[in-house]
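These numbers were taken from a predicted model, which means no experiment stands behind them.
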There are 2 protein chains.
Amino acid sequence: MAGMERADAARNRARILEAAAQLFAERPAQDVTMDDIARKAGVGRGTLYRRYPDRASIAVALLDEHERALQERLLRGDPPLGPGAPPAERLAAFYAAMVRLLEDHSHLVLGSEVGRSRFETGAYGFWRAHVRALLVAARVPGPDALVEVLLAPLAPEVYGYQRAVLGLTPGQVTEALTRLTAALGPAPAAGASSAGMT
Amino acid sequence: MAGMERADAARNRARILEAAAQLFAERPAQDVTMDDIARKAGVGRGTLYRRYPDRASIAVALLDEHERALQERLLRGDPPLGPGAPPAERLAAFYAAMVRLLEDHSHLVLGSEVGRSRFETGAYGFWRAHVRALLVAARVPGPDALVEVLLAPLAPEVYGYQRAVLGLTPGQVTEALTRLTAALGPAPAAGASSAGMT
DNA sequence: GATTATGTGGACACGGTGTCCACTTTACTA
DNA sequence: TAGTAAAGTGGACACCGTGTCCACATAATC
């Protein structure tokens, strides 16, 4: 372990995170200044910058715990989210859960620079790996490029736009993704009637 | 017509656009300040702000002409992009063209706040309407939510990420989208063998 | 050539960011 | 328990970009 965190430091970290969560909840992340957070947390600017060099890193920290929880459920939770169910069902469950996550916390991401850095977060790679594994399990051919296409609507900016501007419901997004995935599948045996569009 | 534009004003507008195009090409839009643009264009700050209240509006102006050109081709160009070809082919052609457009000009959008405002641009609505119409023509059921999902990978941020970080080629993106769309289709008649994944 | 409206440009004030360093607190050691 | 080193803290500060404002210049109109 690389040195214990001092007690006061831990306390302040908690304060900062809590203050930031409140502020991000009540107005766009863009409009929350580092100063706001420091003041609300009862902490000096220097202290804030020591741990979190910018807004994005705070948002990521806040997001992290929620994402971890979902990852845990994907790996070891009950079906259909966890292992045990057929791939298509697990995918549908994943979409629903992911939409739920976005629904609850996308405000952390929208409007700050997190959108970009979030991709670098380990979490996004995790979702990708998960979906890819399910596609492979379902014998969908050429999963590599498909994964990205299937994940794109869950990019925070895109999702936020679909919800806020277009007025789509979370259910509609989930359903569209599920239907899309359901339409995929192993190349039909020669001669089998295909349902695809010509 | 709401008043002619003065000759000097027109000249300066052109200068500004040209300067901005050069600057955006050589470094991330984020890092180009309004001052940079004004200086390079040989124009005062006030003049710049008069027409373009922020970076985003400049980028949108630059993007506009390219987007209009593609719109024109979609409406009145030769098949498969224009009318005449079967919907699936037109969609594939559209994807390819759109990827090309992003390939050439996504740097205008990435990193500035355009990402957001771009959605409000008429252009995005146009793409949506186009794809939706093609889905309808192909008798794909429930096109409304699907359109968004199919367009999501073409959101500039997402596309840029797939290209830069993931290393996907333009061709891969196009192909994934095309395959996805091809898999869609009218609900198969009861009893017909489905190629979809279970 | 005079008048008016439109366009221009740079000075300015404001606000946020990130840095820096003297000070305080904690954890360790004798 | 006192002393010491390391870690943490907080606010003052300088920097930079933004957007506004207004005195001036230039083009269109009479």
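- Atom C1' of nucleotide C/dG15 and atom CD of A/Q30 are separated by 15 Å, given to the nearest angstrom.
- Look at B/T47 and you won't find any side-chain N or O under 4.0 angstrom from OP1 or OP2 of C/dG7.
- At a non-hydrogen distance threshold of 4.0 Å, nothing from residues 31-41 of chain B comes into contact with DNA chain C.
- The 5' end of DNA chain D is approached more closely, in terms of each residue's nearest nucleotide, by A/R50 than by the other of B/A7 and A/R50.
- Residue A/R11 contributes atom CZ, which lies 14 Å from atom C1' of D/dA7 at whole-angstrom precision.
- Between A/R45 and the phosphate of D/dG11, there is no side-chain N or O to OP1/OP2 separation shorter than 4.0 Å.
- Under the 4.0 Å criterion applied to side-chain N and carboxylate O atoms, A/R100 and A/D104 are assigned as salt-bridge partners.
- Note that CG of A/L146 and CG of A/L135 are 6.5 Å apart. Values are rounded to the nearest 0.5 Å.
- Not a single donor-acceptor contact under 3.5 angstrom links the side-chain atoms of A/R6 to the base of C/dA27.
- Look at OH on B/Y52: it is 19 Å from C1' on D/dT18, rounded to the nearest Å.
- The distance between atom CZ of B/R15 and atom C1' of C/dG9, rounded to the nearest whole Å, is 13 Å.
- More than 12 heavy atoms of other residues, nucleotides or ligands sit less than 6.0 Å from atom CZ of A/R11.
- Distance B/D8 CG to C/dA5 P: 17 Å, rounded to the nearest Å.
- Here B/N12 reaches the OP1 or OP2 of C/dT8: one of its side-chain N or O atoms lies under 4.0 Å away.
- Without hydrogens or angle criteria, A/R15 side chain to A/A10 main chain gives no donor-acceptor distance under 3.5 Å.
- In this structure, A/R51 reaches the sugar-phosphate backbone alone: every heavy-atom distance under 4.0 Å involves primed, P, OP1 or OP2 atoms, never a base.
- The side chain of B/Y49 has D/dG19 as its nearest neighbour among C/dG18, D/dG19, D/dG10.
- Spacing between atom CZ of A/R13 and atom P of D/dG10 amounts to 15 Å, rounded to whole angstrom units.
- Per the geometry, CG belonging to B/L48 stands 12 Å off P belonging to C/dG10, to the nearest Å.
- For B/R27 (side chain) and B/D31 (main-chain N/O), a donor-acceptor pair under 3.5 Å exists by modelled atom type.
- Here the side chain of A/R55 pairs a donor or acceptor atom with the backbone of A/V32 at under 3.5 angstrom.
- In this structure, B/W127 and B/F94 have tilted ring planes: the angle between them lies in the 30° to 60° band.
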